[in-house]
Amino acid sequence: MTVILGLEGTAWNLSAALVSEERVLSEMESTYEPKYGGIHPREAAQHHAAELKEVVSRALKGAEEKEAGFSLQDIDAIAFSQGPGMGPCLRTVATAARALALSLKIPLIGVNHCIAHIEIGRWRCGAKDPVVLYVSGANSQVLAYRAGRYRVLGETLDIGIGNALDKFARYLGLSHPGGPKIEERASRSTTYLHMPYVVKGMDLSFSGLTTAAKEAIEAHPDEQDAVCYSFQETAFAMLTEVTERAMAHCGNDELLLAGGVGANRRLQQMLRTMCEDRSGTFYVPENRFLKDNGSMIAYLGLLMLKSGVTTPLELSRVKPNYRPDEVEVTWRPEP
Ligand code: ATP
Ligand code: FE2
């Protein structure tokens, strides 16, 4: 059995997990909660630095295989999120990962956070070769695997859908993360107010929608629920349209949803309906594997290690703008 320790800390959530070929052995996390406003990258990094040792030792102790838990000596390799993400947060976690790999004399594996979201979803759902809708705070992309890489078929031209929801929520005085609070309010209304629907070819834009939603609140301060509903309906219809077109272009009837915004029930419902209309299959993992988690980092690390890929120290610098299509996929047989 190969055991990988995965460290995730691209943004507000610090997480450590142990994963083997068969399963997730344990996972622990510690979440940075800003006192006000959004995420302050340096404060989040300080949080990660202060909590890392504790989170790793809890993950080791929590592993069910052995009654006394695991020790660092039981680990075969260390995987960490190399990017994309916030520079200070990435650097904190990468420094810890390097120190652990060096002192234990085991391989280090820098993984792409976006691809980790995809691969854990494929693993948990048993999806073979799906089109992927990856929707999180900073990212909104439609991807498909072709000839050795995950190709980005469409994406946001400005902010990610999660950040759009979080920004609007902050405007309403709601705390971070805003997505679930907007979902709650949206579920209380069915009144649609006109919002800008911006799809350009296969790409999307959410910043005009966010501004329009703020203006709608100014114009109708008593209609918060209707504005939340209209925001969601518009944004999710845009995402569904582009995703459906990607599936049609690829001739692919499998869809996998990935990323924290994927927890939204209304988004899931729209995508499921679209897939049913095409006689396709819709896959979505449990919420704990949608949001940022250490297991996905460990799992992709395991796939990479088994395919012979590790990261030498000199190539382990963090990549805040790391794109999924930069990664050569060595662990998937050609379909
Ligand atoms: P990435 O680095 O991949 O962009 P991230 O740091 O944004 O990841 P995730 O956990 O993947 O982290 O996604 C967090 C986002 O998901 C936040 O913007 C949050 O508001 C949003 N979110 C969480 N739950 C829901 C929900 N039920 N509805 C809508 N958005 C949600
Ligand atoms: Fe993420």
Side-chain angles (χ1 to χ4, degrees), residues 6-15 27 29 31-34 38-41 44-45 47-48 80-90 93 111-121 132-141 143 150 152 155-156 158-172 174-187 206 210 213 228-229 231-236 239 257-271 284-297 300 318-324:
L7 300 178
E8 157 59 32
T10 50
W12 52 287
N13 196 31
L14 174 71
S15 173
E27 180 178 76
E29 63 175 11
T31 305
Y32 158 72
E33 275 157 23
I39 300 175
H40 305 277
H47 163 270
H48 295 355
F80 71 101
S81 273
Q82 199 167 2
M86 297 178 176
C89 300
L90 290 170
V93 174
V111 316
N112 179 290
H113 175 98
C114 311
I115 296 186
H117 273 292
I118 298 174
E119 292 299 353
I120 193 115
V132 181
L133 174 62
Y134 165 45
V135 276
S136 63
N139 297 288
S140 303
Q141 292 175 328
L143 309 102
Y150 282 101
V152 179
E155 63 188 319
T156 180
D158 42 53
I159 54 176
I161 174 64
N163 284 354
L165 290 164
D166 293 340
K167 267 190 186 174
F168 177 55
R170 206 180 315 150
Y171 178 81
L172 296 178
L174 305 169
S175 62
H176 185 89
K181 290 151 200 153
I182 303 280
E183 176 174 19
E184 224 273 305
R185 282 172 169 66
S187 71
F206 296 109
T210 311
C228 291
Y229 171 77
F231 189 118
Q232 278 200 174
E233 291 301 298
T234 309
F236 297 166
L239 289 164
L257 181 58
V261 181
N264 190 288
R265 309 302 296 187
R266 179 59 180 142
L267 176 60
Q268 291 184 9
Q269 187 185 41
M270 278 196 200
L271 294 168
V284 55
E286 298 159 63
N287 282 356
R288 62 173 284 212
F289 297 119
L290 281 167
K291 67 175 191 131
D292 289 353
N293 62 89
S295 300
M296 69 184 194
I297 304 304
L300 178 52
V318 303
K319 303 177 181 181
N321 301 312
Y322 201 4
R323 284 181 62 82

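In each ligand, atom 1 is the first atom listed, and ligand 1 is the first ligand listed.
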How does His113 reach ligand 1, by side chain, by backbone, by both or by neither, if only non-hydrogen atoms under 4.0 Å count? side chain
Can you tell which part of Asn139 has a heavy atom less than 4.0 Å from ligand 1: side chain, backbone, both or neither? both
Any idea which atoms of ligand 1 are less than 4.0 Å away from a heavy-atom of [X]?
X	answer
Ala11	6 (O)
Lys291	10 (O)
Ala138	4 (O), 7 (O)
His117	3 (O), 11 (O)
Tyr134	1 (P), 3 (O)

Can Ser175 and Lys181 be counted as having a side-chain donor-acceptor contact under 3.5 angstrom? yes
Asn139 side, atom CG; His113 side, atom NE2 - distance, nearest 0.5 Å: 7.0 Å
Please confirm whether Pro180 comes under 4.0 Å of ligand 1, counting heavy atoms of the residue only. yes
Polar contacts were defined as any N/O atom of the residue lying under 3.5 Å from an N/O atom of the ligand; does this apply to Leu165 and ligand 1? no
Is the closest N or O pair between Pro84 and ligand 1 shorter than 3.5 Å? no
At a cut-off of 2.8 Å, what protein N/O/S atoms sit near the Fe ion (ligand 2)? His113 NE2, His117 NE2, Asp292 OD1
